Amino acid sequence: MNRQQRRKMQREVNQSTKILDNFSSKQLQVIEDITNAKAEERANMKLDELSFITDMCISTLFIELFPEKDFEYIKDVENRLAHLIEEDIIKWKKLIEGKDFNMAKKLIKEIEEKVKKKAIELIEKDVKQKESIEILLTQFPNLSKAIITNVYKNTKFELKENKDAEKKFDKETEEAAEYIFEEEIENKTIEEVKVDKHSVVQVVEEPKDIKKESKGAEKVSKLKIKSMVLEGENGIYRVCPEGVELQGQELISFSNLEELEKYRGEELKKFENRIAEFREVFKMRG
């Protein structure tokens with residue numbers, strides 16, 4: 001809209017305002033009622049049009065997803081969908097009553113966290129999905145079935161992803177540990193290796209003429225250990241990018257072999273000094 005058009009519109013608005021100023025309050029009320037009725041009528045027409053288009057698209061989608069089903073089945077699915085939407089709208093309105101949109105979203109988020117916590121308990125107990133959703137609907141009657149079902153399904157998906165990632169990490173760590181021991185412990189074999197939070201590593205001597213197999217050494221040689229936990233006679237060893245630490249009677253950690261050797265030298269020196277003092281005391285004792 002250019003400047004000339006804006007000026008023309010402003011003049012028309014001003015003229016209309018002057019005309020309205022001459023009307024009585026009763027006449028203005030009649031005009032407002034008629035205007036609101038017309039606006040509602042137009043809005044309803046648009047909603048009906050949108051609803052018709054949406055229904056057609058949903059039917060088409062279901063027909064494509066379930067080509068083997070007849071139209072009666074499709075209509076039944078649509079009716080179930082309509083029921084879910086209607087219930088969700090009703091319960092949503094009750095939840096946000098007296099609250100603005102942001103406050104309502106915050107409230108829903110807090111309730112969803114409670115649903116998620118309960119859903120995790122049910123999933124870990126291997127309760128079936130249908131039974132779990134029924135239990136959640138009973139415990140959270142203010143929430144719609146649509147909200148509860150979505151929270152439950154999303155929670156189950158997140159748990160599965162976490163478990164898959166943990167299994168993958170454990171497998172890669174175990175393969176990496178096997179490769180390291182095969183490379184660094186010659187003429188010895190690992191009697192038992194379990195690289196996880198209950199790791200046990202035991203090394204036993206074997207004759208030098210025994211040949212060791214290195215399965216998939218080339219394949220796993222590219223792996224990088226980011227974290228590993230091993231248990232030995234002196235305590236729990238934790239391998240991480242920062243180095244290696246030992247949790248025994250006290251916590252000891254080293255970032256590299258040079259630091260370890262330096263510590264070894266210092267401790268040997270302290271031990272030798274202690275032995276020397278003992279010898280002097282024995283000499284003085286006679």
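Note that this is a predicted model, so its numbers are computed, not measured. All residue numbers refer to positions in the sequence shown, counting from 1. Hydrogens, waters and symmetry mates are skipped; everything else that's a heavy atom, side chains included, is used.
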I'd like to check Arg7 versus Arg11 (side-chain heavy atoms, cut-off strictly below 4.5 Å). Are they in contact?
yes
Leu65, CG: over 12 other non-hydrogen atoms inside 6.0 angstrom
yes
Would you say that Tyr152 contacts Thr149 through its side chain, given a criterion of any heavy-atom pair below 4.5 Å between the two side chains?
no
Could you grab the distance from atom NZ of Lys117 to atom NZ of Lys114, nearest 0.5 Å is fine?
10.0 Å
Quick one: are Leu136 and Lys118 in side-chain contact, heavy atoms under 4.5 Å?
yes
Interatomic spacing from NZ in Lys270 to CD1 in Ile275 - rounded to 0.5 Å
15.0 Å
Crowded around Glu72 CD? As in, over 12 foreign heavy atoms under 6.0 Å?
no
Is there a path of hydrophobic side-chain contacts, each under 4.5 Å between heavy atoms of I/L/V/M/F/W/Y residues, joining Trp92 to Ile85?
no
Just wondering, are more than 12 heavy atoms of other shown residues or ligands nearer than 6.0 Å to CD in Glu40?
no
Kindly determine whether Asn142 and Ile111 satisfy side-chain contact (heavy atoms from CB on, under 4.5 Å), including the steps that lead there.
CA-CA 10 Å; Asn142 294 332; Ile111 298 174; 5.7 Å; no
Is the closest side-chain heavy-atom distance between Ile63 and Phe71 below 4.5 Å?
yes
Would you kindly confirm whether Leu107 and Val115 end up in one hydrophobic cluster when ILVMFWY residues are joined by side chain heavy atoms under 4.5 Å apart?
yes
For residues Lys145 and Leu137, report the shortest heavy-atom separation together with the two atoms involved.
CA-CD2, 3.7 Å
According to a 4.5 Å side-chain heavy-atom criterion applied to Ile, Leu, Val, Met, Phe, Trp and Tyr, with indirect links allowed, do Phe66 and Leu81 form part of one hydrophobic cluster?
yes
Would you check if Glu259 and Asn256 make a side-chain contact, meaning some heavy-atom pair closer than 4.5 Å?
yes
Say you draw a straight line from CG of Asp55 to OG1 of Thr60; how long is it, rounded to the nearest 0.5 Å?
10.5 Å
Look at atom CD of Glu267 and say whether more than 12 heavy atoms of other residues, nucleotides or ligands are closer to it than 6.0 Å.
yes
Decide whether Phe157 and Leu159 are clustered together by the hydrophobic rule: side chain heavy atoms of Ile, Leu, Val, Met, Phe, Trp, Tyr closer than 4.5 Å, transitively.
no
Side-chain donor-acceptor contact under 3.5 Å, Gln29 with Asp33
yes
In the single-linkage hydrophobic clustering (I, L, V, M, F, W, Y; side-chain heavy atoms under 4.5 Å), do Val244 and Tyr263 co-cluster?
no
Can you tell me how far NZ of Lys128 sits from CD1 of Ile123, rounded to the nearest 0.5 angstrom?
13.0 Å
Note: Arg264-Glu261 ion pair, threshold 4.0 Å (strictly below):
yes
Should we count NZ of Lys91 as having more than 12 external heavy atoms under 6.0 Å?
yes
How many angstroms lie between CG in Leu268 and CG in Asn273, if you round to the nearest 0.5 Å?
11.0 Å
Just wondering, are more than 12 heavy atoms of other shown residues or ligands nearer than 6.0 Å to CD in Glu266?
yes
Is there side-chain contact between Ile53 and Glu49, with heavy atoms separated by less than 4.5 Å?
yes
Reported CG-to-CD1 distance for the pair Leu122 and Ile135, which is rounded to 0.5 angstrom:
5.0 Å
Decide yes or no for Phe140 and Ile147: does some side-chain heavy atom of the first lie under 4.5 Å from some side-chain heavy atom of the second?
no
